[in-house]
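This report concerns only the one structure given below.
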Amino acid sequence: MNQEQSKKQIAILGSTGSIGTQALDVIAEHPDRFEARVLTANTRWQLLAEQARRFLPAAVVIADERHYEALSAALADLPIQVFAGPDALCQVVQSSEVEMVLTAMVGFAGLAPTIAAIRAGKPIALANKETMVVAGELINRLCRENQVPILPVDSEHSAIFQSLIGEVSPIEKIILTASGGPFRTFTREQLETVTPAMALRHPNWDMGAKITIDSASMMNKGFEVIEAKWLFGVEPSRIQVVVHPQSVVHSAVQFADGAVKAQLGVPDMRVPIQLAFSYPERLHSNFGRLDWFTMHDLTFEAPDTERFRCLALAYEALHRGGNAPCIVNAANEIVNRAFLEGRCRFLQMADVIADTLDRATFITTPTYEDYLQSDAEARRIATSILNL
Ligand code: NDP
Ligand code: MG
């Protein structure tokens with residue numbers, strides 16, 4: 001195999017975001033191993049154009065069609081195909097040249113292109129956890145049918161994945177660690193008045209706005225419980241959320257003999273991104289290393305689902321099954337945005353999600369079309385509750 005052929009051709013859905021730009025850092029560090037084949041964004045066409053000029057992908061997609069002309073003009077002198085619109089996302093991932101798809105776009109919008117990639121037989125590096133939350137059962141079935149592996153990028157799930165390497169015995173328990181977010185020590189009264197700016201200051205991770213708000217409400221951890229259930233085939237009763245504010249232990253697995261295997265490291269998303277790209281190999285990196293003699297306090301505490309009701313709501317959605325997680329995800333996308341824009345109070349987010357879950361049509365065994373409808377219905381309901 002010559003050098004050219006050995007470079008893995010990667011499509012990055014959401015290359016302008018937090019995960020997307022870090023994925024490009026990884027590719028830039030290993031130009032002999034990886035190549036960005038496709039880059040996509042929603043609205044930030046200038047950044048997408050800059051990335052395209054630097055990484056020279058075969059194609060770029062701007063999901064928001066209004067920016068097609070500007071993006072095309074910016075790239076007119078380069079041999080790069082420019083597409084626009086959500087359907088184009090589903091088409092570019094199917095290109096025969098693409099060897100892996102990193103799903104780094106945010107929200108329900110990730111579902112359709114992920115399904116298109118799986119149907120085309122492309123291995124998935126999964127960052128877009130909403131896809132697994134909404135339709136984990138469907139995604140797993142499609143992956144089985146098309147023999148497509150999912151490599152987790154979410155740091156906790158990557159840690160669990162790494163802890164399972166070489167194991168043949170069942171999981172007794174997953175220990176899913178959580179930083180607790182910026183409001184870990186806040187009382188309920190204090191939570192009444194927290195602002196978006198306060199929620200956006202995450203103590204350990206620099207992430208996109210949506211997941212940062214989800215981390216503050218702990219809905220992110222609830223979603224990760226659902227993601228873990230589908231990725232590792234473990235019932236929710238065997239998934240224990242443990243608050244670990246230092247984010248050094250990225251998660252752990254306990255086995256039948258009581259042994260626990262964990263993966264540790266400095267909090268840096270480039271580590272799980274790079275591993276998803278290079279697995280089963282590990283490549284050298286210059287990312288930070290743990291300093292064992294300065295880690296004086298690694299602490300662990302139980303989560304408080306009274307103050308952080310979103311975590312309880314995610315478990316409730318899992319318990320109900322069917323399309324309940326899809327409903328919770330859609331309602332959450334509405335309140336998350338509303339909180340960011342100052343139209344919803346922090347604690348009100350859980351109220352709106354709980355009401356939406358009770359009002360939306362329950363479907364025991366949803367199809368893909370059912371998910372689309374449930375998502376739309378739950379968005380309508382959550383929006384109308386907010387506007388009351
Ligand atoms: P960002 O908001 O930083 O980036 C999102 C990316 O998706 C951007 O490229 C954005 O384009 C694009 N995008 C947003 N909406 C759409 C849409 N409707 N159609 C097409 N593209 C869209 O998010 P993050 O990188 O933080 O998160 C991405 C995913 O990874 C999320 O699902 C998140 O839960 C998950 N994740 C993130 C982690 C992190 O550390 N950030 C950790 C673990 C998981 P544009 O720039 O034009 O808006
Ligand atoms: Mg995570």
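Each ligand, and each atom within it, is numbered from 1 in the order the structure gives.
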### Message
Suppose I only count heavy atoms of A41 and a 4.0 Å limit; which atoms of ligand 1 are within that range?
### Response
11 (O), 47 (O)
### Query
Under 4.0 Å from ligand 1, counting heavy atoms only, is it the side chain of M269, its backbone, both or neither?
side chain
#### Entry: For A109, atoms of ligand 1 separated by under 4.0 Å from a heavy atom
17 (C), 18 (N)
### Query
Would the F346 and F183 ring centres measure less than 6.0 Å apart?
yes
### Message
A quick test of your reading: do over 12 heavy atoms of other residues, nucleotides or ligands sit less than 6.0 Å from CZ of R54?
### Response
no
### Message
Geometry only, no angles: is T16 polar-contacting ligand 1 at N/O separations under 3.5 Å?
### Response
yes
### Message
Give me the nearest non-hydrogen protein atom to atom 36 (N) of ligand 1 as residue plus atom name, then the distance to 0.1 Å.
### Response
I211 CD1, 3.6 Å
### Message
I need the contact type for A63 against ligand 1. Using non-hydrogen atoms and a strict under-4.0 Å cut-off, is it side chain, backbone, both or neither?
### Response
side chain
### Task
Compute the shortest N/O to N/O distance between L89 and ligand 1 and return yes if it is under 3.5 Å, no if not.
no
### Message
Which of the protein's N, O or S atoms come within less than 2.8 Å of the Mg ion (ligand 2), not counting waters?
### Response
D154 OD1, E156 OE1, E224 OE2
### Query
At a 4.0 Å threshold, what atoms of ligand 1 neighbour a non-hydrogen atom of T43?
45 (P), 47 (O), 48 (O)
### Message
Test salt bridge (Lys or Arg N to Asp or Glu O under 4.0 Å) on R119 and E145; report intermediate values, then the result.
### Response
CA-CA 9 Å; R119 285 194 196 281; E145 285 171 7; 5.4 Å; no
### Query
Counting heavy atoms only, which part of K210 comes closer than 4.0 Å to ligand 1: side chain, backbone, both or neither?
neither
### Task
Give the residue, atom name and distance (to 0.1 Å) of the protein heavy atom nearest atom 14 (C) of ligand 1.
V106 CG1, 3.5 Å
### Query
Got the closest protein heavy atom to atom 32 (O) of ligand 1, with its distance?
E130 OE1, 2.6 Å
### Summary
protein heavy-atom neighbour closest to atom 11 (O) of ligand 1 works out as N42 N, 3.0 Å
### Message
Any carboxylate oxygen within less than 4.0 angstrom of a Lys/Arg side-chain nitrogen, looking at K210 and E130?
### Response
yes
### Query
How long is the span from the CD atom in Q190 to the CG atom in L347, to the nearest 0.5 Å?
11.5 Å
### Query
Can R53 and D77 be counted as an ion pair, charged N to O under 4.0 angstrom?
yes
### Message
Between ligand 1 and R44, is the shortest N or O to N or O distance under 3.5 Å?
### Response
yes
### Query
How close does the nearest protein non-hydrogen atom get to atom 27 (O) of ligand 1, and which residue and atom is it?
I19 CG1, 4.2 Å
### Query
Among protein heavy atoms, which sits nearest to atom 3 (O) of ligand 1, and what does the distance come to when rounded to 0.1 Å?
S18 N, 2.8 Å
### Query
So do R282 and Q162 actually touch side chain to side chain, heavy atoms under 4.5 Å?
yes
### Message
Can a side-chain donor-acceptor contact be found between N329 and E333 if the only test is distance below 3.5 angstrom?
### Response
yes
### Query
Under 4.0 Å from any heavy atom of A127, which atoms of ligand 1 are there?
30 (O), 32 (O), 35 (C), 36 (N), 44 (C)
### Query
Got a sec, which residues hit ring pair (Phe, Tyr, Trp, His ring centres under 6.0 Å) with F232, two or more places apart in sequence or on another chain?
none
### Task
For A104, take its heavy atoms, then give the atoms of ligand 1 lying under 4.0 Å from any of them.
5 (C), 6 (C), 7 (O), 28 (C)
### Ion pair check, E235 and K229, cut-off under 4.0 Å
yes
### Message
Looking only at the side chains, is there a donor atom on one of K122 and N146 sitting less than 3.5 Å from an acceptor on the other?
### Response
no
### Polar atom proximity, G107 to ligand 1 (N or O, under 3.5 Å)
no
### Query
Looking at atom 20 (C) of ligand 1, what's its closest protein heavy atom, distance included?
M105 CE, 3.3 Å
### Shortest non-hydrogen separation from M132 to I226 and the atoms involved
O-CG2, 4.3 Å
#### Entry: Electrostatic pair R44:D64 at N-O distance under 4.0 angstrom
no
#### Entry: Protein residue, atom and distance nearest to atom 23 (O) of ligand 1, heavy-atom basis
G208 CA, 4.0 Å
### Summary
The side chain to side chain donor-acceptor pair (under 3.5 Å) partner of S179 among H244, H202, R184, Q246 is H202
### Query
Can N128 and T103 be counted as having a side-chain donor-acceptor contact under 3.5 angstrom?
no
### Query
Can a salt bridge be assigned to the pair R141 and E137 using a cut-off of 4.0 Å between side-chain N and carboxylate O?
no
